[in-house]
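Ligands are counted one by one from 1 in listed order, and the atoms in each one are counted from 1 as well.
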Amino acid sequence: MVIYTDATVDRIPQLAALSPSLREEIQVAAKIFPFRVNNYVLDHLIDWESVPDDPIFCLVFPRRAMMAPEDFDDIKGLSRHGASHSVLQDRIRAIWDGMNPHPGGQLTLNRPKLDGKELSGIQHQYPQTVLFFPSEGQFCHSYCTFCFRWAQFVPSAMPKFGDRDISALTKYLRAQPAVTDLLFTGGDPMVMPTKRLERYMTPLLEDETLQHVSSIRIGTKALTFWPHRFLNDVDSDELMRLFDAIVGAGKHLAIMAHFNHPRELESELCRRAIKRIQSTGAVIRSQGPILRTVNDSPDIWTEMWNAQINLGVIPYYMFVERNTGPYKYFKVPLVRCLEIFQESFRCKNLSGLAKTVRGPVMSCSPGKVQIQDAAMLDGKPRFLMQFIQARDPQFALRTFTAELDPDACWISDLKHNADWPDVDFTD
Ligand SMILES: *Cc1c(COP(=O)(O)O)cnc(C)c1O
């Protein structure tokens with residue numbers, strides 16, 4: 001694998017053919033946003049003829065328009081005039097702090113305690129599902145420009161998730177008999193060597209007192225960014241044996257694959273990786289946000305969901321992009337998100353098997369909210385919404401409404417109606 005980062009961006013062979021101003025733009029923007037891309041993405045996924053508008057290019061290459069013009073000019077000026085490392089870093093850090101690095105109260109809410117001590121690598125929002133952030137999995141094969149977890153990938157004093165301690169995890173799970181699902185997330189746990197992953201998984205398979213954890217999910221973008229992980233890396237065969245063992249132990253193994261565009265599924269390597277994962281008995285489900293410039297059209301979703309169904313991948317969630325990082329660039333108004341979802345859902349040739357997908361969904365601090373429809377109610381256009389998951393399970397399936405604001409891009413942009421649940425939607 002050949003990896004390029006902000007320090008080596010100018011060595012990417014394909015960039016040589018781009019205009020000098022676009023090259024400089026990428027170099028400056030890559031100082032702000034986490035940047036990392038590998039040869040697979042560059043050689044197999046990006047259509048260089050359509051750059052800069054190519055959707056996969058937008059997915060991994062940060063741009064000027066993703067930040068405030070004055071921030072871009074500042075960093076460009078400082079780099080051009082040879083500012084010291086510390087001056088540059090101070091300015092970059094200030095820009096990060098202004099980009100809402102931890103949306104949804106992620107650093108303060110949902111942090112469980114064990115023996116009075118906060119567990120940094122565990123998030124427990126919904127009673128039945130625990131998120132685990134293994135410390136060795138807190139980066140990705142390539143970074144997405146829109147990532148809502150971007151703050152985890154920048155070297156800074158910001159507190160991060162991540163935990164090496166498997167015994168704290170198993171101890172916590174043992175004390176939580178309601179937990180059925182453990183979700184390995186990151187970053188991307190699939191950047192970890194199989195041996196590491198095995199160390200985390202084995203207690204779950206062997207320990208009698210962890211039988212209640214019956215589903216193991218792994219959130220990953222490796223099918224898009226490095227399908228070799230499942231095919232011909234040095235420890236790919238071992239990884240498949242680990243998946244076999246998880247399924248063999250009677251667990252449901254779900255690979256929660258992040259997909260944003262049908263192009264990702266056209267790759268022969270990706271298709272072979274999907275088949276190989278499925279041969280272990282693991283189930284692949286797909287999720288991803290709606291993003292301006294990448295996938296904000298119903299045709300893209302119909303094509304992507306049909307391609308997934310043909311490959312035996314189950315569409316799971318269509319998300320609304322969260323308010324963090326270059327959110328202003330990627331955000332799509334909720335009305336348009338709903339329109340994209342409904343148009344795709346109503347498309348004559350969308351497979352019925354794709355229609356278990358839920359969208360458009362906002363992951364908010366009190367729960368997951370689906371926009372169900374827009375309709376005239378009491379003489380006014382309104383959104384109909386529903387909690388499909390809630391921190392307080394009593395709220396699940398609760399419906400509520402809001403005045404339809406055509407510019408609103410997140411729940412916090414909407415005016416509360418009288419039927420609004422009594423919970424805090426700050427993010
Ligand atoms: C989405 C999410 C989950 C998983 O919810 P499901 O509806 O079971 O897929 C768990 N924890 C957090 C914090 C989430 O945002």
Side-chain angles (χ1 to χ4, degrees), residues 100-112 118-134 137-138 146-152 160-163 169 172-173 176 178-189 212-221 251-259 282-290 308 313-324 337 356-372 385-398 410-412 423-427:
N100 189 25
H102 301 289
Q106 282 191 80
L107 275 187
T108 47
L109 297 168
N110 320 319
R111 298 287 289 279
E118 217 171 64
L119 297 170
S120 60
I122 296 175
Q123 215 187 335
H124 193 177
Q125 178 161 357
Y126 304 124
Q128 65 284 77
T129 308
V130 163
L131 267 54
F132 179 56
F133 298 74
Q138 300 314 304
F146 59 83
C147 181
F148 81 99
R149 293 239 171 92
W150 64 275
Q152 284 166 236
K160 300 177 191 190
F161 289 120
D163 202 328
L169 173 69
Y172 180 73
L173 290 174
Q176 300 284 327
V179 173
T180 56
D181 287 44
L182 176 62
L183 203 166
F184 285 79
T185 183
D188 190 333
H212 56 290
V213 184
S214 53
S215 294
I216 296 176
R217 307 189 206 180
I218 302 176
T220 182
K221 183 109 184 146
K251 307 282 183 193
H252 175 92
L253 175 60
I255 304 301
M256 308 303 291
H258 188 142
F259 288 113
V283 174
I284 307 174
R285 295 173 207 273
S286 71
Q287 54 189 17
I290 307 180
Q308 289 169 359
V313 174
I314 303 169
Y316 189 63
Y317 275 134
M318 173 208 248
F319 288 121
V320 177
E321 177 63 351
R322 290 175 95 146
N323 179 6
T324 180
C337 291
T356 55
V357 72
R358 292 168 296 172
V361 168
M362 289 176 276
S363 282
C364 313
S365 47
K368 281 197 167 66
V369 175
Q370 179 184 23
I371 310 268
Q372 294 199 304
M385 295 182 284
Q386 183 173 47
F387 269 115
I388 55 174
Q389 260 286 23
R391 181 194 304 281
D392 175 353
Q394 289 309 309
F395 281 111
L397 298 184
R398 169 89 177 256
W410 194 254
I411 196 152
S412 47
V423 286
D424 184 14
F425 281 108
T426 44
D427 251 315

For this session: Would you please name every residue forming a side-chain hydrogen bond (donor to acceptor under 3.5 Å, both in side chains) with Glu321, sequence neighbours left out?
Result: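 Expected list: none.
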Exercise. Among all residues two or more places apart in sequence or in another chain, which pass the ring pair (Phe, Tyr, Trp, His ring centres under 6.0 Å) test with Phe319?
Worked result: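 For Phe319, the residues satisfying ring pair (Phe, Tyr, Trp, His ring centres under 6.0 Å) (neighbours in sequence not counted) are Tyr317.
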Exercise. Ring pair (Phe, Tyr, Trp, His ring centres under 6.0 Å) with Tyr172: which residues, sequence neighbours excluded?
Worked result: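 Counting only residues at least two positions away or on another chain, Tyr172 forms a ring pair (Phe, Tyr, Trp, His ring centres under 6.0 Å) with His124.
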Exercise. Is the Phe132 ring parallel, tilted or perpendicular to the Phe184 ring (thresholds 30°, 60°)?
Worked result: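 If you compare the ring of Phe132 with that of Phe184, the planes turn out perpendicular.
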N/O pairs closer than 3.5 Å, ligand 1 and protein:
| from | atom 1 | to | atom 2 | distance (Å) |
| --- | --- | --- | --- | --- |
| ligand 1 | 7 (O) | Tyr317 | OH | 2.6 |
| ligand 1 | 7 (O) | Gln389 | NE2 | 3.3 |
| ligand 1 | 8 (O) | Arg217 | NH2 | 2.8 |
| ligand 1 | 8 (O) | Gln389 | NE2 | 3.3 |
| ligand 1 | 9 (O) | Arg217 | NH1 | 2.9 |
| ligand 1 | 9 (O) | Tyr316 | OH | 2.7 |
| ligand 1 | 15 (O) | Lys368 | NZ | 2.8 |

Exercise. To the nearest 0.5 Å, what is the distance between CD1 (Ile388) and CD (Gln370)?
Worked result: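 Going from CD1 on Ile388 over to CD on Gln370, the span is 5.0 Å.
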Exercise. With distance as the sole criterion, is a donor-acceptor pair present between the side chains of Thr220 and Asp188 under 3.5 Å?
Worked result: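 Result is yes, a qualifying pair exists.
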